[in-house]
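Values below: every heavy atom of this structure, side chains too, minus hydrogens, waters and symmetry copies. If you're wondering where the values come from, they're calculated on a predicted model, not measured in any experiment.
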Amino acid sequence: MITALSGDTSRLRTTVDFVREQDTATLLPLLLPGLDGPELRTLVERCDFSHAALLVFPPDEAALDATLAGCGLVADAPPRPSVVVRERLAVRHKRGAAELDVGIVRPAVECLDGARRWVEVFALTVPPGSDLETVAAHERERQHEAHVAFEVRAPDPLVLRGLCATFARYGAAPDGGGYNPHENGTVFYFTAPPEAKAGYRRVEMYVPGDHRDILAAHLDEHRARQPAETLLRLLTGAWTTQALAAFARLEVAEAMDEERGVGVAELARDVGAFAPNLATLLRYLTMLGVVSESRDGFRLTDTGGLLRADADGSMRPLALMYGGPFYESFAGLGHTVRTGQVAFEQRFGENHFDHFARDPELAELFDRSMAAGSRMFDPLPAHPVLTAAAEGATVVDIAGGSGELLGRILSAHPRLHGLLLERPHTVETARLLLGAAGHTARCTFRAGDFADLPAGGDIYVLSRVLHDWDDDRCREILRHCARAMPETADLLVIERLLPADGSASLATAWDLHMMCNVGGRERRADHYARLFADTGLTLVDRSPLPLDGNVLHVRRTGAANTGSRP
């Protein structure tokens, strides 16, 4: 053990010397040979060499302090959990993350150029006689976690994508990364090209804040270089769905805290679960970023907080729906692809609208799951058709569910009136919700089908309706709209659009979902334009919404159109 600790001290001294002697402008060309001129200046302007890192293996915290002191270093705070390194070690050595007590300290180093940088010390606690000694020996030999790091200044998505592209252009390959909720920081790891001359093969780009959207593309590229791992991760997607559904069904999120860790025994007692199995579930969800783990237990992240029933924009109903009826129906996806028949109908013996209508609890869950995607609607009340509407104009929400969207419109525009058309049981739910929001005096409710669409409205809204149906039924629905709409009326159609260039989109996933569960489909903008034209309507304009949504502005053909065609 003494020899091992002496080796850690020697490696740490070498790292300190490296940090003291380097600076950003000289280090980058060593890591990325060929980098010079304007691109080098751009990188130097955008990021700073901040630290070099290594992994050491003290038996306890006191031994770590002694190792630091032997190199003239003083940690200004106790070790904090290192989520990213712990997970990398767990994968590499096929260990449970909870077995690996990995902390991180960053003692400062005064550098020759007058700058103040850091040595990042990851510390895996290896008690004497522990079976983790084999892990320590392997890591000392291979130095997987040794790296140099650059911190990005004033990050924004365009800058981050540009930095990643520059690293790739000079031979650096994506090599993982992660988000550390304890520090609210995102790390992007790269492998330096073989010809790098810095003595380090791994490079970290550290970005303050949560940038998991850009990190996802970085990790996808990393996995693409490891096809077997990529396929295995894809094959376990069903496990993720059920893990989230079980977490939601057991109401674990409600028993957790976003500010402090809660022990597994306490959580198990509160939710009525078997503690060892709950711990296994929580470790898996830690890997997904739904919860985080510390010495005190498990803490709910912002992502996991959306699975609380009382959260603003709660997605708990979606977790229960996707892990329940829709999960069962997806087992028949092969049947749908082979025969063209809807898997949901094969599984439950009837279409999903009739099935839900016969089960009040399931119908309520479905309506709440639809409302859970309401972030798509955030910009819609500012659409020019609504902001320019005259005093007293009527907005007709066709198959408007529980009234989530209509309520937003009426809240944003007190001068407007609303009319909601829905199935009888859903109308009553909408009446209660819109009444609670204070909109009863300005809202009319009508129970019925598309054929009962009232004439004379000023603005008609079809939100996520057409994707439920095949083209013939869509034309029928749109003909009802065209007959009801006066010459001056507008129709707003909210749908996800399949990308014309085949790029990644939520619409592509929902296209599969609609095919399997309702026999519907997502469509491209030009496909919708043809459906409109077939029914006496014209697509005037379209604009994007969150969650890959779009609002299509439609008028009767021959009416005075405003806006520009897409």
Side-chain angles (χ1 to χ4, degrees), residues 79-104 122 124-125 132 135 176-187 210 212 215-216 219 232-233 235-311 314-324 327 372:
R80 287 177 291 184
S82 176
V83 175
V84 174
V85 171
R86 182 185 63 184
E87 290 180 357
R88 286 173 58 88
L89 289 171
V91 171
R92 199 152 54 235
H93 296 280
K94 297 179 174 58
R95 300 272 185 155
E99 300 177 54
L100 305 172
D101 181 13
V102 183
I104 179 173
F122 301 114
L124 170 62
T125 302
L132 293 177
V135 173
Y179 170 68
N180 190 336
H182 301 285
E183 299 178 353
N184 189 29
T186 310
V187 293
D210 185 347
R212 278 178 279 188
L215 177 66
L219 295 178
L232 188 59
R233 288 177 181 274
L235 288 170
T236 60
W239 304 354
T240 297
T241 302
Q242 284 302 323
L244 293 170
F247 184 76
R249 197 174 293 116
L250 291 168
E251 298 183 344
V252 184
E254 282 78 0
M256 296 184 73
D257 197 301
E258 295 180 350
E259 303 299 328
R260 66 177 183 90
V262 182
V264 172
E266 179 181 345
L267 286 173
R269 183 176 63 251
D270 289 345
V271 304
F274 182 54
N277 290 3
L278 179 60
T280 300
L281 173 64
L282 292 172
R283 283 197 298 270
Y284 182 79
L285 293 175
T286 298
M287 187 171 67
L288 301 178
V290 175
V291 300
S292 62
E293 186 179 5
S294 65
R295 291 182 175 85
D296 298 326
F298 291 91
R299 181 179 64 83
L300 199 61
T301 66
D302 290 344
T303 299
L306 291 173
L307 292 173
R308 284 183 184 268
D310 60 353
S314 171
M315 299 181 77
R316 183 174 183 269
L318 279 176
L320 297 177
M321 186 62 69
Y322 291 169
Y327 187 88

Trainee: Determine yes or no for a side-chain-to-main-chain donor-acceptor pair under 3.5 angstrom, with R299 supplying the side chain and S292 the backbone.
Mentor: no

Trainee: CZ of R269 to CG of L278: how many Å apart, nearest 0.5 Å?
Mentor: 12.0 Å

Trainee: Which heavy atom of G103 sits nearest to which heavy atom of P79, and what is that distance?
Mentor: CA-CB, 4.1 Å

Trainee: Can you check whether V91 reaches E87 side chain to side chain, under 4.5 Å on heavy atoms?
Mentor: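 Side-chain contact under 4.5 Å: no.
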
Trainee: Can you see which heavy atom on A319 is nearest to which on L307, and at what distance?
Mentor: CB-CD2, 3.8 Å

Trainee: Please report the shortest heavy-atom distance between A275 and V264, naming the atom on each side.
Mentor: O-CG1, 3.3 Å

Trainee: For residues T240 and Y284, determine if any side-chain heavy atom of one lies less than 4.5 Å from a side-chain heavy atom of the other.
Mentor: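 Yes; the side chains approach each other to less than 4.5 Å.
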
Trainee: Tell me, do H93 and E99 make a side-chain contact under 4.5 Å, heavy atoms counted?
Mentor: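 Side-chain contact under 4.5 Å: no.
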
Trainee: Taking the side chain as everything from C-beta on, heavy atoms only, tell me whether L244 gets closer than 4.5 Å to L285.
Mentor: yes

Trainee: For the atom pair CE (M321) and CZ (R316), what is the distance rounded to the nearest 0.5 Å?
Mentor: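 Reported to 0.5 Å precision, the distance equals 12.0 Å.
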
Trainee: Verify, without hydrogens or angle tests, whether R308 (side chain) and M256 (backbone) share a donor-acceptor contact under 3.5 angstrom.
Mentor: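 Yes, R308 side chain to M256 backbone: donor-acceptor pair under 3.5 Å.
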
Trainee: Which pair of heavy atoms, one from G305 and one from A311, lies closest together, and at what distance?
Mentor: O-CB, 3.2 Å

Trainee: Within a 6.0 Å radius of atom CG on D302, are there more than 12 heavy atoms belonging to other residues, nucleotides or ligands?
Mentor: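 Incorrect, the count does not exceed 12.
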
Trainee: Quick one: does R88's side chain get under 4.5 Å of F122's, heavy atoms only?
Mentor: no

Trainee: Can you tell me how far apart CG (L288) and CZ (R283) are? Round to the nearest 0.5 Å.
Mentor: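 Reported value, rounded in 0.5 Å steps: 13.5 Å.
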
Trainee: Can you see which heavy atom on A255 is nearest to which on V271, and at what distance?
Mentor: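 Scanning both residues completely, I find the closest heavy atoms to be CB-CG1, 3.9 Å.
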
Trainee: Can you tell me how far the CG atom of L124 sits from the CG atom of D101, to the nearest 0.5 Å?
Mentor: 7.5 Å

Trainee: Enter the distance from Q242:CD to R249:CZ here, rounded to the nearest 0.5 Å.
Mentor: 6.5 Å

Trainee: State, yes or no, whether a side-chain contact exists between L100 and L132 at a heavy-atom distance under 4.5 Å.
Mentor: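 Yes; the side chains approach each other to less than 4.5 Å.
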
Trainee: Show the nearest heavy-atom pair for residues N184 and D210, with the distance to one decimal.
Mentor: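 N184 and D210 have their closest heavy atoms at OD1-N, 3.6 Å.
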
Trainee: Determine whether a donor-acceptor pair (N or O, by modelled atom type, separation under 3.5 Å) exists between the side chain of T286 and the backbone of L282.
Mentor: yes

Trainee: Give a yes or no answer on whether the side chain of T186 reaches the backbone of Y179 with a donor-acceptor pair at less than 3.5 Å.
Mentor: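 Pair absent, no side-chain N/O of T186 close to backbone of Y179.
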
Trainee: For I104, does its backbone N or O pair with a side-chain atom of S82 as donor and acceptor, under 3.5 Å?
Mentor: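 Judged by distance alone, no pair lies under 3.5 Å.
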
Trainee: Mind checking the CZ-CG spacing from F298 to L267? Nearest 0.5 Å is all I need.
Mentor: 8.5 Å

